[in-house]
Amino acid sequence: MGGKKWSILVAIFILLIAMEAAIAQGQGNGNDKGKGKENGNGNGKGKGSDNGKGKGEGSDDGKGKKNKKDDGKEKKPKEKKPKKQRDEASDYDKLSALPSGQERGFCRTNTTCEFKTIVCPSECAERKPKKNKKNKACFIDCSSSTCEATCKVRRANCDGYGSLCYDPRFVGGDGVMFYFHGAKGGNFAIVSDEEFQINAHFIGSRPQGRTRDYTWVQALSVMFDSHTLVIAANRVSHWNDKVDSLTVKWDGEVIDVPTDGEAEWRGNGDEREVVVERTDETNSVRVMVSGLVEMDISVKPIGEQENKVHNYQLPQNDAFAHLETQFRFKKSTDNFEGVLGQTYTPGYVSPVKRGVAMPMMGGENKYQTLSLFSTSCKRCMFQRPSSIASTEGLVAQY
């Protein structure tokens with residue numbers, strides 16, 4: 001009997017020792033000095049207790065690096081400055097001409113024809129021939145699917161899409177010809193969308209007995225971002241083809257477009273490149289605003305014969321110099337407004353009467369602006385910074 005009691009006491013003693021050892025081991029694992037795996041959401045190794053009171057060095061990604069969000073000091077990504085937009089078609093480097101005189105261009109990166117050399121055809125070896133009235137120019141197009149150069153006349157085609165010529169006659173994006181008389185001294189939005197607007201200033205005359213004005217476009221303003229580019233015909237008493245009657249202004253300052261070398265002026269408007277290039281010795285330019293529009297513009301007078309034929313009855317001391325323009329747009333035209341712009345929208349049906357000599361387009365009340373530089377009209381969409389004056393650098397009023 002005494003032996004059994006002794007055996008029971010020994011067993012109880014051994015059990016107590018085992019329990020004490022287990023408790024001691026558990027306390028060691030929970031101590032800050034102990035090393036173990038975290039039992040939280042993270043799988044990383046670290047120094048700490050299972051109850052989260054230790055100093056964890058693990059991250060939720062299990063890579064053993066401390067998560068930057070844990071210290072509450074998240075770094076903001078650096079803002080990248082937007083790259084200036086360039087016209088893909090003309091985004092090339094000029095190479096030396098071949099012995100035959102044919103000019104070449106090497107298309108830059110991010111163009112359809114990147115890293116390819118395009119050679120001008122022998123029929124139009126030069127990109128900028130001096131005698132533009134007779135010679136076609138080489139057009140190197142890095143956006144072309146064929147990556148070939150073509151020959152083109154660098155002047156407004158008054159019968160082509162997007163043209164604005166004569167008194168004034170338009171050919172819309174739908175190919176329909178129409179007249180829009182506006183008003184003498186009036187200003188009208190030709191194109192307007194959220195990114196830019198083109199206004200036109202009309203000059204004119206109303207002979208005695210007439211119920212409306214004869215009108216022509218004397219100046220255009222291209223407004224985008226906070227910038228304004230103006231192309232205007234000067235008022236001249238007698239016309240001379242050899243005298244330049246064209247004025248170009250960039251943000252209110254007159255710019256000089258060279259007549260030699262590349263015969264062009266370049267400027268930068270925030271994200272966009274602006275190029276004004278002479279396409280003749282005088283009175284003819286090509287204007288490009290990257291990503292928005294390209295325009296061929298010429299200054300023309302009302303000649304004596306034309307005055308008689310149309311019975312304009314213009315004064316002898318005014319040649320009524322005006323602009324002939326053709327627009328080519330470099331962006332989606334789906335949301336365009338304006339006298340011309342509306343004709344480019346999907347589903348547009350022209351309201352003008354077909355089959356008549358002078359199909360008339362109305363809408364003066366929808367597109368008339370306060371000045372050549374105003375973006376406000378009933379259907380205008382472009383909004384510019386309020387700090388830009390709407391009357392900056394006004395052209396001569398007639």
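Counting begins at 1 with the first residue of the sequence. Only a predicted model underlies this, so the values are computations on that prediction, with no experimental measurement involved.
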Is any NZ, NE, NH1 or NH2 atom of the basic residue among [X] and [Y] found under 4.0 Å from an Asp or Glu carboxylate oxygen of the other?
X	Y	answer
Glu253	Lys249	no
Arg155	Asp280	yes
Lys136	Glu126	no
Arg278	Asp244	yes
Arg286	Glu277	no
Glu262	Lys128	yes

When you look at Thr279 and Ser284, which way does the side-chain hydrogen bond (donor to acceptor under 3.5 Å, both in side chains) test go after all the steps?
-> CA-CA 5 Å; Thr279 52; Ser284 186; 2.7 Å; yes

Output yes when a side-chain donor or acceptor of [X] lies under 3.5 Å from a complementary backbone atom of [Y], and no otherwise.
X	Y	result
Asp296	Gln326	no
Gln218	Ala233	yes
Ser144	Asp141	no
Thr111	Glu114	yes

Will you find, in the side chains of [X] and [Y], an N or O donor that is under 3.5 Å from an N or O acceptor?
X	Y	result
Thr247	Asn234	yes
Thr228	Ser221	no
Tyr312	Asp167	yes

Inspect cysteines Cys165 and Cys158 and report if their side-chain SG atoms are under 2.5 angstrom from one another.
-> yes

Under 2.5 Å between the SG atoms of Cys138 and Cys151: is that the case?
-> no

If you link ILVMFWY side chains whenever their heavy atoms are less than 4.5 Å apart, which other residues fall into the same cluster as Val119? By chain and number, please.
-> Leu98

Calculate, to the nearest 0.5 Å, the distance between atoms CG and CD belonging to Asn157 and Glu324 respectively.
-> 10.5 Å

Distance (rounded to the nearest 0.5 Å) between Met358 CE and Phe178 CZ = 12.5 Å

Apply the test disulfide (SG to SG under 2.5 Å) to residues Cys142 and Cys113: give CA-CA distance (whole Å), side-chain angles for both, the deciding distance (0.1 Å), then the verdict.
-> CA-CA 5 Å; Cys142 289; Cys113 305; 5.8 Å; no

Evaluate the ring pair (Phe, Tyr, Trp, His ring centres under 6.0 Å) criterion for residues Tyr92 and Phe106: first the C-alpha distance (whole Å), next the side-chain angles of each, then the deciding distance (0.1 Å), finally the verdict.
-> CA-CA 5 Å; Tyr92 60 84; Phe106 181 75; over 10 Å; no

Are there over 12 heavy-atom neighbours, none belonging to [X], within less than 6.0 Å of that residue's [atom1]?
X	atom1	answer
Tyr161	OH	no
Lys331	NZ	yes
Glu364	CD	yes

Return the orientation label for the Phe327 and Phe329 ring planes: parallel under 30°, perpendicular over 60°, tilted otherwise.
-> parallel

Could you tell me whether [X] and [Y] have their ring centroids closer than 6.0 angstrom?
X	Y	value
Phe196	Phe382	no
Trp216	Phe320	yes
Phe170	Tyr179	no

Can you name the ring pair (Phe, Tyr, Trp, His ring centres under 6.0 Å) partners of Tyr166, sequence neighbours left out?
-> none

